[in-house]
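What follows is one structure encoded as structure tokens, with my remarks underneath.
Per chain, numbering begins at 1; letters A, B, ... match sequence-line order. Keep in mind that this is a model prediction, so the values were computed, not measured. Every heavy atom of this structure was used, including side-chain atoms; hydrogens, water molecules and symmetry mates were not.
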Amino acid sequence: MTLERSGRIAVLSKTLAFGMAYLLAIVSVNRFYLNPRIASRELSLAMSIAFVQCATISALLAFSFCQKLARQIRESRAARVSPCIREFQALHAAGNNHLEDIRQIQVAYPREVEQCLVEFLRMVRGGGREVLAQLASDLRLIKQWQRQFRSRNLARRKKAVAHLALVPRKFAGDVLQQALSDPDESVRMHAARHMVSNLEPGELPQVFALVVNGSLVARMVLAEDLRPYALELSREAIPAVLAGGEPAAALAALQVLRAWGKFLPLPQVYPLLRHADAAVRVAALDIVPLVPRLAQLEAEILHALNDPAEQVRSAAARTAATLNVSGAMPQLTRCLHDQDARTAAAAAYALAQLGADGCRILEQEMLTGSLLAASAALEALQVVQTAPAETVAV
Amino acid sequence: MIFYMSASNAVYFFLMVLGFFALRSQRARQNPEARAVLLNSPLLPEVSILVPAYNEALTIAQSVRSMLDLNYPHYDVIVINDGSKDETMRVLIDEFHLYKSTCRSGNAITQPVRAVYRSRDPIRLTVVDKANGGKADALNAGLNVARSPLVAAVDSDSLLEEDALLHVVEPFVENPSKVLATGGIVRVVNGCTVERGKVTRVATTSRILPLFQTIEYLRAFLGGRVAFSFLNSLLLISGAFGIFDREAIVEAGGFATSTVGEDMELVVRLHRLSREKKKPYLIVFVPEPVCWTEVPESWKVLHRQRNRWQRGTVESLMAHDKMLFHPKCGGPGWFSLPYFVVFEMLGPVVEMAGYVFTVAGIFLGIISVKIALLFFVVSVLFGVLLSMSAVVLEEFTMRRYPSVKDLARLLAAAVLENFGYRQLLTLWRLEGVWDGLRGKRGWGAMERRGFEQHVEAT
């Protein structure tokens, strides 16, 4: 994963800090220990480097061992006390007040209490969640998560967002909204995903804005999360972006529609077929089969088959095949002789998929067409007629 | 000599520390839950996997099967039979029910293509049968047939992990307009258990030669490449597993057939062209995806391989020597190329000269035996420490070797490889430098055991 600027600076500063400490250690070992003992200055310096490196590696290995040991101890401790904590929490959620008991356990086992509560919050909804959120607040865990959210440590911020997303917004405050404008995209995406899983009124457009303005990864992930809200978004949010005509935003919205693959009432896609940006035209052509047919559909596809951009012609050929636009056959036959190999191949496959008439044209092209057209025609016929459907690829 | 050794040690160690912090930072950003969602997205770019094969009858069926079984929604596999003299083509035809297709090739000039085959089975496999022209020529023939925006170059003697493709494509998804190439980590399969083209149990081997190479792979991939990638100065994406933007390679003129180090040469060329055009770009190393490769178990084959690698390095560096300290060449020109010239290309020359001068110095009475011994101890210590750093880095970040026994074996190998093995490699690399400067060609043959032969009693 490519690091964002702040992350890169952090990595470089840590490396530099480590390097400085390392250098200082080498100089000290050389000056105060090895130099007085070894005659050759160069050898003494080399030995100092080796000595410090040796000490560093040993320390790291020891640290790794201690970490493993600490993890093991934590796990066995958690396994011992967790059932008791869970029981108290369950009783508390059921209406019995066990706040003091849980508080007492929290003094000795803060990590385990927090972990059990988070696990419990993930499982319950409605009134139970409210009670548990209140418990988290009483145990000052929510304050702790809010503090963690302001940390410079990325993992801690992500964890805080994940925890705060589990409690109702009145407890969490506006942390999730703030997280949507975090400098790190992974935190923004994390917050948006959690918001979608517990969506509150008015939050949908905020998340969709992140989808449109975020990176392709964020779009791909959030598009899946927003799938259940596709119809709701197609009422206002998506038409507004499509009608705005801003190429990057329009392209992003069209990509989301492609990811959903749902049939949606979005006639605003049609004007994009003549957008100034070729990438938007291609994306719109891919989406046209997923929106209601308008009278101008065939004319638009024929227009796109004459587009100056080859990728648009190629996409138009694919769409003509998908929508079974038999009126496009003459244009597709012309595209078969296109200079661009991909367009020619797409046109050939489109003709092959348009039924007997299309296949007849291809057979004729095999005999009378140029070498490239004949080859494209033969390959399309061969793939469509010989190979199984799954292997057909344009 | 001592100064050179200290400098090389300091640079390697700096790269490892940088690699360590970069790896940790990357891991903090990862969102494993999101990956499952990504896998179902139709927005993931299509990938064509190019698999050049030459005399691979023993492993080809299993390799291709493993590549057809990846966890990625849109990809196809293109095997290029580069004029094999064994049964490679027959095995492919029989195993995958191939039929001759009339598929047209693109424009790159390659050795004559005899036929293009496709499978009758519901798998996305294309096989290009062509006259022998070398690996680069085979990859170019594959590029001609590939239709996807991304192409992966994978060695036919390698096995990809199920999620490898998804991991390595991620940088392209994050930065579609900037990323030109990404490479994954290559690990040693010798010693692991392989079943039906999949590594089912990760373990180190008890055989000494592959074990030493395991250490070398760890050192090269976890230390150097992560750091170079962080500085956008990565000069080498392993030929065993790398993904490229198809358009960028075609624009750059495809894989160079004039060198045996076509993988490094292409990456250096991509750097140069992008810098010349002042185009923002990224060449990324992704430590997550794993490609398992079979390493030589005989000294003879290892000798040939190392000679070839060193020749490839020399050829690539000489072909792009103008980038060295060029004001426009940024990180690659001012950091990674000088590093490769000083430590990778000239390293064996300096090290061997050091050994020779020390021995000569003792005989001529210029150097005392005590100093010479101390020199040898320091030299060995530096090697041991670097190898151990790589093992520690592995233990702190990836943790692919689960048992304590594996860790102990790796640590032992990190020490032992410095007594004889390293010196022998230095000699072979020196020979490679000489051959590279003389312009010697040729690959040499690799002897295969077959993946499932690697299971060992442990």
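Most heavy-atom pairs under 4.5 Å with chain B, from the set A:L12, A:D225, A:V221: that is A:V221. Of the residues considered (B:P42, B:S41, B:A10), B:P42 shows the highest number of contacts with chain A, using heavy-atom pairs under 4.5 Å. Ranking A:R193, A:E224, A:R219 against chain B, the residue ahead of the rest is A:R193, based on heavy-atom pairs under 4.5 Å. Between chain B and the residues A:C54, A:A155, A:A259, the largest count of heavy-atom pairs under 4.5 Å involves A:A259. Counting heavy-atom pairs closer than 4.5 Å to chain A, the top-ranked of the candidates B:V377, B:L18, B:V392 is B:L18.
By the ring-ring contact (aromatic ring centres under 6.0 Å, His included) test, B:F172 is found to be paired with no residue, residues two or more places apart in sequence or in another chain being considered. Under the salt bridge (Lys or Arg N to Asp or Glu O under 4.0 Å) criterion, A:R157 pairs with A:D182, not counting sequence neighbours.
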### Message
Working note: B:L44 + A:M220, criterion side chain to side chain contact (heavy atoms under 4.5 Å, CB included); need CA distance, chi angles, decisive distance, verdict.
### Response
CA-CA 8 Å; B:L44 267 182; A:M220 286 159 83; 3.4 Å; yes
### Task
Give the intermediate values and the outcome of side chain to side chain contact (heavy atoms under 4.5 Å, CB included) for residues A:V256 and B:L43.
CA-CA 9 Å; A:V256 173; B:L43 300 180; over 6 Å; no
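The CD1 atom of A:I9 lies 11.5 Å from the OG atom of B:S25; values are rounded to the nearest 0.5 Å. One distance of note links OG1 of A:T15 with CG of B:L15; it measures 10.0 Å at 0.5 Å rounding. In this structure, the separation between CD1 on A:I49 and CZ on B:F13 is 11.0 Å, given to the nearest 0.5 Å. Between the CE atom of B:M16 and the CD1 atom of A:I57 there is a distance of 8.5 Å, given to the nearest 0.5 Å. Here CG of B:L381 is found 8.0 Å from CD of A:Q53. Values are rounded to the nearest 0.5 Å.
Using a 4.5 Å cut-off between heavy atoms, A:S215 touches chain B through its side chain atoms alone.
Applying the 6.0 Å contact sphere to CZ of B:F357 captures no more than 12 heavy atoms from other residues, nucleotides or ligands. Heavy atoms of other residues, nucleotides or ligands lying less than 6.0 angstrom from CZ of A:F63 number 12 at most. When the shell of 6.0 Å around CZ of A:R156 is examined, it contains 12 or fewer heavy atoms from other residues, nucleotides or ligands. For CZ of B:F335, the number of neighbouring non-hydrogen atoms (other residues, nucleotides, ligands) closer than 6.0 Å is greater than 12.
Here the shortest heavy-atom pairing between A:L216 and B:V173 reads CB-O, 3.2 Å.
Aromatic ring centres of B:F20 and A:F18: separated by at least 6.0 Å.
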